[in-house]
Amino acid sequence: MKYITDRIRSLFRLNDTPHRLASAFALGVFIAFSPTIGLHTISCLLLAWVFRLSKLAVLTAAFINNPWTIVPLYGACLWLGMKITGSGATMPHIAWNELTFTNAYAVLTPYLRPFVAGTIAAGLIASVVSYGVIYWAVTRFRRQEKRISSSAAGCKAPKA
């Protein structure tokens, strides 16, 4: 937990405005939810370069989607996409043991449209929420740091 808080503090100390840091983080969150599995890092670096945003902030946010969170995250996105597209009220049952490279396209195609719709919708929602949270957190953190540094400067003992 200390590693995560230190990483967030270092992110908040970057020499960038709160708006740009929040924008970079929101972009990373959207990329984390995107259906481009396996291309997240490349997408982060490319889009951070295109929009001239902090690569560190974009990459940090994109790693919300990692080996421990990928199944619940994409499962929820598929469920949301099925609700949005009206593809069905329940999650699909896929016979994974019968899935081969040759029949994968036929088995998974019915779920492609709901998956893409769900990841885009969830990504948009999560990125808007994360923008607000990060903007608020950066401005609050910097205000506190400024207050601490100004009070520390005022408390210095006068030289004799």
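Note: hydrogens, waters and symmetry copies are ignored here, and every other heavy atom, side chains too, is used. Just so we're clear, the structure is a prediction, and the values are computed from it rather than from any experiment.
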What residues, two or more places apart in sequence or in another chain, satisfy side chain to side chain donor-acceptor pair (under 3.5 Å) together with Thr109?
-> none
Is [X] linked to [Y] within one hydrophobic cluster, defined over Ile, Leu, Val, Met, Phe, Trp and Tyr using a side-chain heavy-atom separation of less than 4.5 Å?
X	Y	answer
Val71	Ile64	yes
Tyr131	Leu124	no
Leu21	Leu53	no
Leu56	Phe63	no
Ile134	Leu47	no

So, for Ser54 and Ala24, which heavy atoms are closest and what is the spacing to 0.1 Å?
-> O-CB, 4.0 Å
What's the shortest heavy-atom distance between Pro114 and Pro110, and which atoms?
->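 Taking every non-hydrogen atom into account, CD-O, 3.5 Å.
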When you measure from the side chain of [X] to the backbone N and O of [Y], does any donor-acceptor pair fall under 3.5 Å?
X	Y	result
Arg113	Thr85	no
Ser130	Ser127	yes
Thr36	Leu39	no

Distance, nearest 0.5 Å, that separates [atom1] of [X] from [atom2] of [Y]:
X	Y	atom1	atom2	result
Leu46	Lys55	CG	NZ	10.5 Å
Phe12	Arg140	CZ	CZ	10.5 Å
Leu78	Leu73	CG	CG	11.5 Å
Asn65	Ile37	CG	CD1	8.0 Å

Does the side chain of [X] reach to within under 4.5 Å of the side chain of [Y], using non-hydrogen atoms?
X	Y	value
Leu59	Leu45	yes
Phe25	Val58	no
Leu80	Ile84	yes
Ser34	His40	yes

Pairs under 3.5 angstrom only: tabulate donor-acceptor contacts from the side chains of residues 26-33 to other protein residues two or more places apart or in another chain.
none

Can you run down the salt bridge (Lys or Arg N to Asp or Glu O under 4.0 Å) pairs that involve residues 3-17, sequence neighbours left out, and say none if there aren't any?
-> Lys2-Asp6, Arg13-Glu145, Asp16-Arg20
